[in-house]
Amino acid sequence: MGKIIAAFAGVGKSYVGKNYTNVLDLESTYFKWLENGVAGMTEEERKGNKNRVLNPAWPQNYIDEILTQKDKYDIVLIQLSHPRLKNQEIFQFFDEHGIEYMIARPNLSGWKWIEKRLYDRGNTAEFVSQVKDNFSVFIEEFSKPKYKQLIIPDGKFLLDALKAYNLL
């Protein structure tokens, strides 16, 4: 049975998912939003796009897929959600059903690396601004002792943390 790891934007989920066959980067975009108005856009262009229409099956459709995939992979990487982004139902479901998960997050001092990575991968300025506006709230929330955490040192990537914690 695989581990569920919720990782912060820009830490390298996609890289790990593409380079390790036992790891799945389960992008939430395709579960959260309907295709209306964004069908021709890349994953990164879709993020923060105002033309998206919320999928009425969200978040249960994503939760169901996470649970299906964790039986097929050693690690399932998912988005790191937060109440300010209205995705707290995912962690609430996990907590209520005793489903273990870990948080992979940078330190508060890591914003400059995250920002650069978001721009380098093609995210819109609007998306980067949204992530920046929520960054300290994310770090504060997910630094709480109730979360099992993988801390990603400044300038490092998720891959580095996974190796340091002997998960890869």
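In this chain, residues are counted from 1 in sequence order. All of these numbers come straight from a predicted model, not from anything done at the bench.
Residues that satisfy the side chain to side chain contact (heavy atoms under 4.5 Å, CB included) test with Y15, not counting sequence neighbours, are N19, L159. Residues satisfying the side chain to side chain contact (heavy atoms under 4.5 Å, CB included) criterion with W113, sequence neighbours excluded, are R117, D154. For Y119, there are no ring-ring contact (aromatic ring centres under 6.0 Å, His included) partners two or more places apart in sequence or in a different chain. The side chain to side chain donor-acceptor pair (under 3.5 Å) test applied to D120 returns K116, not counting sequence neighbours. With sequence neighbours excluded, the residues satisfying side chain to side chain donor-acceptor pair (under 3.5 Å) with D95 are Y101. The salt bridge (Lys or Arg N to Asp or Glu O under 4.0 Å) search around K144 returns E141, not counting sequence neighbours. When the side chain to side chain contact (heavy atoms under 4.5 Å, CB included) test is applied to K148, the partners found at least two apart in sequence or on another chain are E100, M102. E140 meets the side chain to side chain donor-acceptor pair (under 3.5 Å) test with no other residue; sequence neighbours excluded. Every residue was checked against the side chain to side chain contact (heavy atoms under 4.5 Å, CB included) condition with A164, not counting sequence neighbours, and none meets it. With sequence neighbours left out, the side chain to side chain donor-acceptor pair (under 3.5 Å) criterion links S143 to R105.
Considering CD of E115 and CG of L118, their distance stands at 8.0 Å, rounded to 0.5 Å. Rounding to the nearest 0.5 Å gives a distance of 11.0 Å between CG of D133 and CZ of F138. Rounded to the nearest 0.5 Å, atoms CD (E89) and CZ (F94) are 12.0 Å apart. The distance from atom OG of S14 to atom CG of L158, rounded to the nearest 0.5 Å, is 10.0 Å.
The shortest side-chain heavy-atom distance between V23 and I5 does not fall under the 4.5 Å cut-off. Here the side chains of F93 and P59 are not in contact, with every heavy-atom distance at 4.5 Å or above. With a 4.5 Å cut-off on side-chain heavy atoms, F157 and V11 do not count as touching. Put simply, the side chain of V16 reaches to within 4.5 Å of the side chain of L162, judged on heavy atoms. With contacts defined as side-chain heavy-atom distances shorter than 4.5 Å, the pair I66/L26 qualifies. Side-chain contact between V131 and W111 is present, with heavy atoms from C-beta onward closer than 4.5 Å. The shortest side-chain heavy-atom distance between I103 and L150 does not fall under the 4.5 Å cut-off.
E27 places a side-chain N or O within donor-acceptor distance of the main-chain N or O of T29, the cut-off being under 3.5 Å. The main-chain N or O of A125 is never found under 3.5 Å from a side-chain atom of S129 such that the two would form a donor-acceptor pair. The backbone N or O of A7 sits less than 3.5 Å from a side-chain atom of K13, completing a donor-acceptor pair. The closest donor-acceptor contact from the side chain of N107 to the backbone of P153 lies at 3.5 Å or more, if one exists at all.
Closest approach of I139 to P106, counting heavy atoms only: CD1-O, 3.3 Å. Taking each heavy atom of I152 and A161 in turn, the nearest pair found is CG1-CB, 3.9 Å. Nearest heavy atoms, K70 versus I4: CD-CD1, 3.6 Å.
Centroid-to-centroid, the aromatic rings of F135 and F8 come within less than 6.0 Å.
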Please output the side-chain donor-acceptor pairs of residues 71-78 that fall under 3.5 Å, not counting sequence neighbours, one pair per line with the distance.
residue : atom : partner : partner atom : Å
D74     : OD2  : N22     : ND2          : 2.9

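Ring geometry for F31 against Y62 counts as tilted: the plane angle lies between 30° and 60°, on a 0 to 90° scale.
A donor atom on one side chain and an acceptor atom on the other are found under 3.5 Å apart for E65 and Q69.
Evaluation of the side chain to side chain donor-acceptor pair (under 3.5 Å) test over residues 158-168, restricted to residues two or more places apart or in two chains, returns none.
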Exercise for the section: Could you please spell out the steps behind the side-chain hydrogen bond (donor to acceptor under 3.5 Å, both in side chains) verdict for Q92 and E96? Expected result: CA-CA 6 Å; Q92 186 176 3; E96 289 172 359; 3.3 Å; yes
